[in-house]
Asks: 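For reference, the structure I am asking about is given below.
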Amino acid sequence: MADAGARHWSAYREFWRLNFLTLMEYKVNFFIWLAFTIVYHGVALGAIWIMMSRFPSMNGWHWQQVFFLYALYMLGHTLNNTFFFTIGEVPDLVREGRFDRLLVRPLDPLFQVLSQPGQIWPDELVIALIVFILAQGAVHLQWSSSTVVLLVLATLGGAYIDFAIQLIIATLSFWVVRLDALRWVVMSLENDFTRYPLSIYNRAVRIMLAYVFPFAFMNYFPATVLLHKSAEVGYTFNPQLGWLTPVVGAVWFAAAYSFWRLGLNKYQGTGS
Amino acid sequence: MNLAPYAEFAKRAFSREATYRAEVFTRVGSVLLRVFLLSTLWTALYRNNGAKQGISLESMITYATLALLLDLIYGVNGAYVIRQKIREGSIAIDFMRPISVPLYVFADTVGQTGFALVQIVPALVLSFPLLGLMHAHVGGPSGGIAALGFVASVALGFLLNFLIDLIMATATFWTMEIFGIQIMVQFISSLLSGSLVPLYFFPNGLQKIAFALPFAGLYNAPLSIYIGKWQGRDIALGLGEQALWLALIWFAAMAFWRRGERRVVVQGG
């Protein structure tokens with residue numbers, strides 16, 4: 001067991017070393033992707049700014065707070081992107097038959113999916129930190145030890161929520177060939193609907209974002225704790241709910257991982 | 001020039017897409033989910049702030065729903081196959097064939113778009129009861145001329161979209177790393193075309209810039225005609241502007257393509 005752990009650890013270190021060497025080799029590529037990341041989040045923030053300039057009332061949240069909401073989302077999301085990004089390649093691996101290669105090697109298949117050397121750098125995480133520093137200044141966040149603990153838990157839990165949903169979609173590819181449309185809609189649910197406070201939506205959307213695809217735990221619920229939004233117009237929930245993000249992350253990840261094992265067994269069982 | 005082979009290419013692309021039946025369900029389902037989500041978003045924003053820029057909530061929901069249906073058409077990126085062909089080198093074989101590669105790719109795109117159009121029908125029909133649940137609905141076009149203008153404008157938008165995709169794919173002749181640039185342009189376009197937020201809601205300065213760019217011809221032009229934001233002379237002017245951009249971009253795309261082609265021929269791939 002300890003042996004398997006050591007084997008995985010050394011493979012993982014090698015993975016990051018290769019990523020770093022790829023970065024040094026393909027510098028232009030790195031800058032293109034860096035520009036892409038900046039444009040991507042710039043467009044999202046631009047859309048929020050445009051909307052807030054025309055529709056300034058978001059159920060009592062002003063633009064600084066909506067900006068903070070996005071920054072908090074970015075932390076968990078980019079942490080997920082940095083460490084678990086390649087999970088999105090599973091449908092391609094399965095379709096093209098390359099997934100079988102992972103099954104004959106003496107390392108865990110999910111681990112192998114997550115450690116395919118490529119063009120992965122923590123640049124997006126760095127951008128997220130910069131945006132967060134600006135956003136916490138804009139809302140005059142009150143720092144205390146509990147603020148730090150909550151932020152760390154929300155970021156880690158948020159990354160696991162994000163990863164769990166991606167893992168479930170990836171697992172579906174063992175049954176369904178083309179998943180682009182589904183991936184696209186979940187991505188849009190995540191990107192477009194975490195931008196505004198959950199309390200502006202109707203009940204069906206709130207339930208979906210809080211308890212089915214729990215993206216609201218990535219930013220909205222922790223933000224209500226951090227910004228002391230204890231009473232939201234037309235939406236009542238326990239004001240300490242934001243502390244539950246790591247629990248939600250753990251539960252959803254456990255469920256997603258069980259589903260993944262199930263899919264893996266089915267895949268190996270039929271030998272397809 | 002014999003166009004019969006190209007008609008056949010289009011038909012084949014249509015049949016090829018039609019084999020992915022399961023994807024039709026997920027795609028239509030995803031459009032419906034987005035229709036639902038966006039209409040709740042706009043309803044909430046209007047309830048909190050009232051109507052803006054003379055666009056009623058009903059017009060806004062119509063706008064958002066049609067924009068999602070247009071996504072199905074514009075989402076077909078037929079030119080993307082060029083990137084693969086250049087990467088694998090099979091483009092050299094295509095050059096030896098007695099066909100025009102851009103025209104072949106266009107025919108393929110037409111076929112794929114034909115199949116996308118087929119999916120629009122169930123998506124639209126199913127969105128009626130869905131919006132009905134929220135006491136909202138998709139309004140009809142603001143008149144007969146608006147209906148015709150809308151169809152013409154979507155046709156121009158389709159061509160414009162194809163040429164933009166073609167230009168991006170052509171860049172593969174110089175660099176393999178177009179994927180990042182391509183999605184970058186897509187994201188900028190998603191904002192500046194009015195597909196997410198109508199350009200009328202943009203702050204003044206930015207609005208002027210967005211109206212002047214070709215991206216506005218993709219969503220803003222057809223949808224402005226449909227919801228009656230443009231009428232009479234404005235429709236003619238809007239269509240004229242789309243056509244002008246189309247001519248310019250067509251010219252640029254063809255010139256760019258010829259340079260790329262020459263690169264392969266001269267260097268021998």
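Sequence lines set the chain letters: A, B, ... in the order given, protein chains first and strands last, and positions in each chain run from 1. Because the structure is a prediction, the values reported are computed rather than measured.
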Asks: Near R95(A) CZ, under 6.0 Å, is it more than 12 heavy atoms from other residues, nucleotides or ligands?
Replies: yes

Asks: Would you indicate whether R101(A), at its atom CZ, is surrounded by more than 12 heavy atoms from other residues, nucleotides or ligands within a distance under 6.0 Å?
Replies: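 Check fails, neighbour count at 12 or below.
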
Asks: Please examine the side chains of F193(A) and L38(B), heavy atoms only from C-beta on, and report whether any two atoms are closer than 4.5 Å.
Replies: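 Yes, close enough: below the 4.5 Å cut-off.
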
Asks: Of all of V28(A), V176(A), N59(A), V186(A), which one pairs up most often with chain B through heavy atoms under 4.5 Å apart?
Replies: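 Ranked by contacts with chain B, first place is N59(A).
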
Asks: Do the side chain of N48(B) and the main chain of M58(A) share a donor and acceptor less than 3.5 angstrom apart?
Replies: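 Looks like no, no N/O pair under 3.5 Å.
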
Asks: Name, in order of residue number, those residues of residues 51-72 of chain B that have a heavy atom at a distance of less than 4.5 Å from a heavy atom in chain A; otherwise write 'none'.
Replies: K52(B), Q53(B), D71(B)

Asks: May I ask you to test the W49(A)-P203(B) pair for a side-chain heavy-atom distance under 4.5 Å?
Replies: yes

Asks: Please say whether more than 12 non-hydrogen atoms of neighbouring residues, nucleotides or ligands are located less than 6.0 Å from CD in E25(A).
Replies: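 For E25(A), atom CD is not crowded (no more than 12 foreign heavy atoms under 6.0 Å).
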
Asks: Drop me the distance from W33(A)'s CH2 to M184(B)'s CE, to the nearest 0.5 angstrom.
Replies: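 CE of M184(B) is found 9.0 Å from CH2 of W33(A).
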
Asks: Between T37(A), N202(A), L189(A), which shows the greatest number of heavy-atom pairs under 4.5 Å with chain B?
Replies: N202(A)

Asks: Measure Y200(B) against the heavy atoms of chain A and call it side chain, backbone, both or neither at under 4.5 Å.
Replies: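 Y200(B) touches chain A through backbone heavy atoms alone.
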
Asks: What part of A35(A) gets within 4.5 angstrom of chain B, counting heavy atoms only: side chain, backbone, both, or neither?
Replies: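 Answer is both: backbone and side chain atoms of A35(A) are under 4.5 Å from chain B.
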
Asks: How many angstroms lie between CZ in F201(B) and CE in M52(A), if you round to the nearest 0.5 Å?
Replies: 14.5 Å

Asks: With a 6.0 Å cut-off (strictly less than), is the heavy-atom count around CZ of F128(B), excluding the residue itself, greater than 12?
Replies: yes

Asks: With respect to chain A, which residue among L41(B), L33(B), V197(B), I188(B) yields the maximal number of heavy-atom pairs within a distance under 4.5 Å?
Replies: L41(B)

Asks: Under 4.5 Å, counting heavy-atom pairs only, tell me which of L37(B), L192(B), L196(B), L206(B) racks up the most with chain A.
Replies: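 Heavy-atom pair counts peak at L37(B).
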
Asks: Are I200(A) and T40(B) close enough, and set up right, to give a side-chain contact (heavy atoms from CB on, under 4.5 Å), and what steps lead you there?
Replies: CA-CA 9 Å; I200(A) 70 165; T40(B) 63; over 6 Å; no

Asks: Is the number of heavy atoms from other residues, nucleotides or ligands within 6.0 Å of CZ (F115(B)) greater than 12?
Replies: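 Above 12, so yes.
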
Asks: In terms of heavy-atom proximity below 4.5 Å to chain B, should V43(A) be classed as side chain, backbone, both, or neither?
Replies: both

Asks: Which bit of S57(A) comes within less than 4.5 Å of chain B, counting heavy atoms only: side chain, backbone, both or neither?
Replies: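 Both parts, heavy atoms under 4.5 Å.
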
Asks: Give the C-alpha distance, both sets of side-chain angles, the deciding distance and a yes or no for side-chain contact (heavy atoms from CB on, under 4.5 Å) between Y196(A) and L45(B).
Replies: CA-CA 10 Å; Y196(A) 306 108; L45(B) 291 175; 5.7 Å; no

Asks: Mind telling me whether Y46(B) and F55(A) have parallel, tilted or perpendicular rings, with 30° and 60° as the class edges?
Replies: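 F55(A) vs Y46(B) ring planes: tilted.
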
